[in-house]
A.B. asks: 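Handing you this structure, nothing more for now.
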Amino acid sequence: MLSAQERTQIAQVWDLIAGHEAQFGAELLLRLFTVYPSTKVYFPHLSACQDATQLLSHGQRMLAAVGAAVQHMDNLRAALSPLADLHALVLRVDPANFPLLIQCFHVVLASHLQDEFTVQMQAAWDKFLTGVAVVLTEKYR
């Protein structure tokens, strides 16, 4: 799925995010809810303020899952299986939301990393996050 170069690029970007998961995640969710208001239906309890504790907490959990995926790029299915069960069987999140989240993730990365987030890195992250979304939606079938 991912070439050695793409894996390296994903790891490089993740190294820049690591330690700031809550802030990146909160900004990602806030952007998602603002640009695509229909996605907030799953999060009525979350504030629309980037510094809100619950938003930071969920952002932390969300990016922790991305970090786990980065650490297990060779076996995303095993690493994300419990999360896939949760989203498909319990939360019943519309899988159409995952591409919207990916798009917002790219914008957040680009806004923070600017010139460090090259076109090649964006392509690698798009491929990786699409793989994550595929795994998360497999349980819907």
Side-chain angles (χ1 to χ4, degrees), residues 1-43 45-141:
M1 176 178 153
L2 295 168
S3 71
Q5 182 179 5
E6 290 167 332
R7 291 170 184 272
T8 299
Q9 291 168 330
I10 290 164
Q12 286 173 337
V13 170
W14 186 255
D15 287 343
L16 297 171
I17 296 170
H20 308 284
E21 290 92 340
Q23 294 82 5
F24 271 81
E27 183 177 340
L28 173 56
L29 287 169
L30 188 59
R31 186 174 295 274
L32 180 70
F33 300 156
T34 302
V35 177
Y36 305 105
S38 63
T39 61
K40 184 128 175 29
V41 71
Y42 300 101
F43 305 96
H45 61 287
L46 294 182
S47 169
C49 173
Q50 189 168 343
D51 295 329
T53 304
Q54 290 177 324
L55 193 67
L56 287 164
S57 177
H58 193 75
Q60 171 74 34
R61 284 193 309 274
M62 194 170 67
L63 261 67
V66 173
V70 168
Q71 298 303 315
H72 298 95
M73 283 188 255
D74 291 327
N75 197 355
L76 288 176
R77 279 184 185 83
L80 299 175
S81 184
L83 194 59
D85 288 338
L86 175 67
H87 281 81
L89 306 174
V90 178
L91 302 174
R92 298 176 188 232
V93 173
D94 183 348
N97 289 320
F98 292 117
L100 305 177
L101 185 67
I102 291 169
Q103 182 182 37
C104 290
F105 204 131
H106 288 306
V107 173
V108 170
L109 289 174
S111 70
H112 282 274
L113 305 178
Q114 297 180 10
D115 292 340
E116 289 181 86
F117 192 58
T118 66
V119 173
Q120 294 80 14
M121 285 181 170
Q122 180 182 356
W125 269 87
D126 189 59
K127 191 174 180 181
F128 169 68
L129 291 172
T130 298
V132 169
V134 165
V135 168
L136 292 178
T137 59
E138 283 178 339
K139 303 276 179 129
Y140 286 79
R141 297 178 186 152

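This structure is a prediction, so every number in the text was calculated from the model and none was measured. By convention here, the first residue in the shown sequence is residue 1. Heavy-atom basis, side chains included; hydrogens, waters and symmetry copies ignored.
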A.B. asks: About how many Å separate OG1 of T53 and CD of Q60, when rounded to the nearest 0.5 Å?
C.D. replies: 13.0 Å
A.B. asks: For the atom pair NE2 (H112) and NE2 (H20), what is the distance rounded to the nearest 0.5 Å?
C.D. replies: 10.0 Å
A.B. asks: To the nearest 0.5 angstrom, please state how far the NE2 atom of H106 sits from the OG atom of S111.
C.D. replies: 13.0 Å
A.B. asks: One pair to check against side-chain contact (heavy atoms from CB on, under 4.5 Å): I17 and L109. What are the steps and the verdict?
C.D. replies: CA-CA 9 Å; I17 296 170; L109 289 174; 3.4 Å; yes
A.B. asks: Are any non-hydrogen side-chain atoms of R7 and D74 less than 4.5 angstrom apart?
C.D. replies: yes
A.B. asks: Hey, mind stepping through L28 and L63 against side-chain contact (heavy atoms from CB on, under 4.5 Å) and telling me if it holds?
C.D. replies: CA-CA 10 Å; L28 173 56; L63 261 67; 4.1 Å; yes
A.B. asks: In terms of ring plane angle, is the pair W125 and F128 parallel, tilted or perpendicular, where the classes change at 30° and 60°?
C.D. replies: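 Perpendicular, since the angle between the ring planes exceeds 60°.
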A.B. asks: Please report the closest heavy-atom contact between L100 and A96, naming both atoms and the distance.
C.D. replies: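 Minimum heavy-atom contact is CG-O, 3.7 Å.
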A.B. asks: For a quick test of reading the model, state the closest non-hydrogen atom pair linking R92 to L89 and the distance between them.
C.D. replies: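 So the minimum-distance heavy-atom pair works out to NE-O, 3.7 Å.
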A.B. asks: Say you draw a straight line from CD of Q23 to CG of L56; how long is it, rounded to the nearest 0.5 Å?
C.D. replies: 6.5 Å
A.B. asks: For residues V66 and F105, determine if any side-chain heavy atom of one lies less than 4.5 Å from a side-chain heavy atom of the other.
C.D. replies: yes
A.B. asks: Evaluate side-chain contact (heavy atoms from CB on, under 4.5 Å) for V13 paired with E116, printing each intermediate quantity in order.
C.D. replies: CA-CA 9 Å; V13 170; E116 289 181 86; over 6 Å; no
A.B. asks: Within the distance-only criterion (no hydrogens, no angle test), does the side chain of Y36 pair as donor or acceptor with the backbone N or O of C104 below 3.5 angstrom?
C.D. replies: no
A.B. asks: Checking side-chain contact (heavy atoms from CB on, under 4.5 Å) for the pair L29/F33: CA distance, chi angles, key distance, verdict?
C.D. replies: CA-CA 6 Å; L29 287 169; F33 300 156; 4.0 Å; yes
A.B. asks: Hey, does the side chain of Y140 reach the backbone of A84 with a donor-acceptor pair shorter than 3.5 angstrom?
C.D. replies: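 Answer holds: no.
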A.B. asks: So, does K127 use its side chain to make a donor-acceptor pair with the main chain of M1 at under 3.5 Å?
C.D. replies: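 Yes, K127 side chain to M1 backbone: donor-acceptor pair under 3.5 Å.
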A.B. asks: Look only at the side chain of E27 and the backbone of F24, and say whether a donor-acceptor pair between them is shorter than 3.5 Å.
C.D. replies: no
A.B. asks: Nearest 0.5 Å, what's the CG-CG distance between L76 and L83?
C.D. replies: 11.5 Å
A.B. asks: For W14 versus G67, what's the shortest heavy-atom pair and its separation?
C.D. replies: CZ2-CA, 3.3 Å
A.B. asks: Quick check against the 3.5 Å criterion: does Q103 have a side-chain atom that pairs as donor or acceptor with the backbone of L101?
C.D. replies: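 Side chain of Q103 to backbone of L101: no pair is present.
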A.B. asks: Atom OG1 of T8 and atom CD of Q120: how far apart are they, to the nearest 0.5 Å?
C.D. replies: 13.5 Å
A.B. asks: Verify the distance criterion only: is there a donor paired with an acceptor across the side chains of S81 and R77 at less than 3.5 Å?
C.D. replies: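 Not at all, the side chains of S81 and R77 share no donor-acceptor pair under 3.5 Å.
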A.B. asks: Search all heavy atoms of A124 against all heavy atoms of I10 and return the closest pair with its distance.
C.D. replies: O-CD1, 3.7 Å
A.B. asks: Nearest heavy-atom pair of L2 and M73: which atoms, and what distance?
C.D. replies: CD1-SD, 3.6 Å
A.B. asks: Please report the C-alpha distance between S57 and R61 in whole Å, then the side-chain angles of each, then the deciding distance to 0.1 Å, and finally whether the side-chain hydrogen bond (donor to acceptor under 3.5 Å, both in side chains) criterion is met.
C.D. replies: CA-CA 6 Å; S57 177; R61 284 193 309 274; 3.0 Å; yes
